[in-house]
Amino acid sequence: MESVHHVSTSSKILFGKVRRMVPPMLEKFHKGQLGRVAVIGGCADYTGAPYFSAMASAKLGCDMSHVLCERSAASVVKSYSPNLMVHPILPSTDSVKDPKSINAPELARPIISMLSRLHSLVIGPGLGRDGVTLKVVAEVIKEARSQSIPFVLDADGLLLVTEDPDLVKGYQECILTPNVVEFGRLAKALGIEVKSQADIANDDSNGQGDKTSKESEACERLSKALGGVTILQKGLHDVISNGVTSIISDIKGGLKRSGGQGDTLTGSLGTLLAWRAAYHDKLWDSGEKDNEKEAQNKEDVQAELESDGKRMSPTTTLLLAAWAGSCITRECSRQAFEAKGRSMQASDLTDEVHPSFLRLIGEPEGSKTHL
Ligand SMILES: NC(=O)C1=CN([C@@H]2O[C@H](COP(=O)(O)OP(=O)(O)OC[C@H]3O[C@@H](n4cnc5c(N)ncnc54)[C@H](O)[C@@H]3O)[C@@H](O)[C@H]2O)[C@@H](O)CC1
Ligand SMILES: Nc1ncnc2c1ncn2[C@@H]1O[C@H](COP(=O)(O)OP(=O)(O)OP(=O)(O)O)[C@@H](O)[C@H]1O
Ligand SMILES: [Mg+2]
């Protein structure tokens with residue numbers, strides 16, 4: 001396979017470009033314009049995951065953060081925070097009359113009817129593996145795709161892709177966020193051989209440049225096999241690839257691997273995708289000149305990332321949003337670990353989302369954060 005196409009732009013420049021995508025805080029905006037994000041997940045077993053994800057969206061700065069969950073999870077998630085809007089509209093085997101003969105599109109209707117009001121979806125945190133729920137979510141994915149609504153797919157939501165890759169194949173408006181185990185399952189389903197990051201790191205025949213290339217090789221191949229879907233492969237380093245261009249996120253994280261840190265990532269990505277949509281809709285004047293040509297390959301993406309004053313293409317901003325979400329999460333984890341050491345929990349990351357945003361990205365020019 002040809003060598004992997006890394007973006008070699010420095011983190012400082014990349015953070016500056018991310019700032020371009022962040023809507024400024026202005027008096028003229030009304031409720032909702034800075035992002036309406038919904039997490040689809042939460043069942044009897046898992047109520048923390050959708051909460052952490054939705055809170056990360058809210059704390060990063062979206063205006064409205066919804067959770068669409070199974071009936072039994074709703075009051076629990078509501079009781080964690082009155083700031084979230086929690087809708088018990090995700091069906092499961094326990095909530096339908098005859099689980100063996102369901103009309104999935106019909107059951108998906110209450111969720112589908114909300115889609116046009118949302119800027120982005122996070123599908124999977126704490127979703128569980130109930131057969132009825134997963135069938136309904138597959139219908140929601142099909143509809144979100146047909147309405148070009150961007151989404152993040154994580155955790156149990158990724159099982160759907162393992163079972164039916166066509167659900168997302170070729171869709172350019174989504175980010176898959178597999179952990180090591182989920183990546184392995186996806187790779188196996190698509191016939192791709194994977195070397196672990198530990199094996200690559202321990203192979204002394206690799207120089208540093210080779211190691212970085214090897215790290216992103218499997219991710220790039222998986223992305224290609226899925227028709228260019230953006231994949232954020234979590235691990236020692238996070239690798240982001242759309243099959244043509246890759247970025248590595250190697251900003252320092254914490255050393256505690258408590259469950260639920262991936263949920264801060266998905267929620268942050270939900271808000272970044274909403275902001276990205278606002279950037280492309282020209283919700284505010286970014287001061288950049290229109291771009292005559294959309295980025296097609298790694299050189300175009302790199303040129304857009306390194307030029308100042310030109311609008312970026314959707315391909316570039318999707319990679320950048322994924323990279324920014326990864327950096328914010330790792331910085332949250334680093335900071336929370338500094339404070340809490342081995343007692344650190346997922347909820348400790350939630351409080352770090354805004355300080356991490358300010359440290360890494362900062363408010364965009366023209367933003368009014370004080371009256
Ligand atoms: N507080 C909560 O409600 C939480 C709920 N969660 C939900 O729990 C459900 C299952 O998620 P899981 O991630 O457990 O998925 P799986 O049930 O597929 O389990 C993955 C297993 O792999 C192991 N593993 C993880 N990283 C590994 C690595 N680098 N090398 C080797 N083994 C590794 C884990 O210890 C885990 O036992 C999802 O719905 C998820 O959203 C998790 O997000 C954790 C927090
Ligand atoms: N070895 C590591 N070193 C540094 N950061 C890591 C490491 N492994 C994972 N992370 C970071 O932790 C975050 C969550 O990744 P992780 O692999 O724990 O996902 P997950 O298993 O899906 O989490 P969750 O428990 O929320 O489901 C990511 O931002 C990732 O970059
Ligand atoms: Mg996970």
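Atoms within a ligand are numbered from 1 in the order they appear, just like the ligands themselves.
- Which parts of ligand 2 touch T329 is read off a 4.0 Å heavy-atom cut-off, strictly below it: atoms 29 (O).
- Side-chain contact annotation: S249 with D238, donor-acceptor N/O pair under 3.5 Å absent.
- Ring geometry, Y51 versus Y80: the interplanar angle exceeds 60°, so the pair is classed perpendicular (tilted spans 30 to 60°).
- A donor and an acceptor atom, one from each side chain of S53 and T266, are located under 3.5 Å apart.
- Closest non-hydrogen pair, D156 versus L134, comes out as O-CD2, 4.1 Å.
- Under 3.5 Å, the side chains of N291 and E304 contain a donor-acceptor pair of N or O atoms.
- Considering only non-hydrogen protein atoms, atom 39 (O) of ligand 1 sits nearest to D156 OD2, 2.4 Å.
- Side-chain contact between W323 and S326 is absent, with no heavy-atom pair separated by less than 4.5 Å.
- Counting only heavy atoms of the protein, atom 3 (N) of ligand 2 lies nearest to R257 NH2, 3.1 Å.
- Here is the list of ligand 1 atoms found below 4.0 Å of a heavy atom in L127: 39 (O).
- Of all atoms in ligand 1, listed by their number and element, those nearer than 4.0 Å to a heavy atom of P125 are 41 (O).
- Under 3.5 Å, the side chains of N242 and S223 contain no donor-acceptor pair of N or O atoms.
- Closest to atom 11 (O) of ligand 1, if we only count protein heavy atoms, is E182 OE2, 4.9 Å.
- The distance from ligand 1 to the heavy atoms of N179 drops below 4.0 Å at these ligand atoms: 13 (O).
- Checked by distance only, ligand 2 and Q261 come closer than 3.5 Å through their nitrogen or oxygen atoms.
- For atom 27 (O) of ligand 2, no protein heavy-atom neighbour is present inside the 4.0 Å cut-off.
- Looking at S268, G253, G235 and measuring to atom 7 (C) of ligand 2, the nearest heavy atom belongs to G235.
- Listed by number with element, the atoms of ligand 1 under 4.0 angstrom from any heavy atom of V180 are 28 (C), 29 (N).
- A donor-acceptor pair is defined here as one N or O able to donate and one able to accept, closer than 3.5 Å; such a pair exists between the side chain of E70 and the backbone of S72.
- Note that atom 5 (C) of ligand 1 has protein non-hydrogen atoms nearby, at separations under 4.0 angstrom.
- Among the atoms of N179, some N or O lies under 3.5 angstrom from an N or O of ligand 2.
- For atom 13 (O) of ligand 1, a protein heavy-atom neighbour is present inside the 4.0 Å cut-off.
- Atom 22 (O) of ligand 1 has as its closest protein heavy atom V181 CG2, 3.2 Å.
- The protein atom (non-hydrogen) at minimum distance from atom 11 (C) of ligand 2 is R330 NH1, 4.2 Å.
- By the 4.0 Å N-to-carboxylate-O rule, D154 lies close enough to K234 to be salt-bridged with it.
- Remark: D300 engages K293 in a salt bridge, criterion side-chain N to carboxylate O under 4.0 Å.
- Salt-bridge formation is detected for the pair R20/D308: a Lys NZ or Arg NE/NH1/NH2 atom is positioned less than 4.0 Å from an Asp or Glu carboxylate oxygen.
- Close N/O approach between S258 and ligand 2 is not found [any backbone or side-chain N/O within under 3.5 Å].
- By the 4.5 Å heavy-atom criterion applied to side chains, I89 and M114 are counted as neighbours.
- Close to ligand 1: G126, with a non-hydrogen atom less than 4.0 angstrom away.
- The protein heavy atom nearest to atom 2 (C) of ligand 1 is A49 N, 3.4 Å.
- For atom 10 (C) of ligand 1, the nearest protein heavy atom (residue, atom name, distance) is Y46 OH, 4.0 Å.
- Ligand 2 lies within reach of D238, whose nearest heavy atom is under 4.0 Å from it.
- Nearest to atom 16 (P) of ligand 2 among the protein's heavy atoms is K234 CD, 4.3 Å.
- Ligand 1 has R185 within reach: a non-hydrogen atom of the residue lies less than 4.0 Å from it.
- Protein heavy atoms all stay at least 4.0 Å away from atom 18 (O) of ligand 2.
- The heavy-atom pair separating S333 from G253 by the smallest distance is OG-C, 4.1 Å.
- If you check each of G262, G260, P125 against atom 25 (O) of ligand 2, the one with the closest non-hydrogen atom is G260.
- Between T230 and I240 there is a side-chain heavy-atom pair separated by less than 4.5 Å.
- Of the protein's heavy atoms, D263 OD2, 3.2 Å lies nearest to atom 43 (O) of ligand 1.
- Ligand 1 lies within reach of R129, whose nearest heavy atom is under 4.0 Å from it.
- In the model, T317 has a side-chain atom that pairs as donor or acceptor with a side-chain atom of R276 under 3.5 Å.
- The protein heavy-atom contact nearest to atom 44 (C) of ligand 1 is G260 N, 3.5 Å.
- Under a 4.0 Å N-O distance rule, the pair R109/E106 qualifies as a salt bridge.
- At a 4.0 Å cut-off, not a single heavy atom of A155 sits close enough to ligand 2 to count as contact.
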- Can S246 and E220 be said to form a side-chain hydrogen bond (donor to acceptor under 3.5 Å, both in side chains), step by step? CA-CA 7 Å; S246 304; E220 185 162 325; 3.2 Å; yes

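- Of all the atoms in ligand 2, the ones that sit under 4.0 Å from a non-hydrogen atom of G259 are 25 (O).
- Annotation for ligand 1: atoms under 4.0 Å from non-hydrogen atoms of A155 are 38 (C), 40 (C), 41 (O).
- Counting only N and O atoms by type, the side chains of R311 and S286 include a donor and acceptor under 3.5 Å apart.
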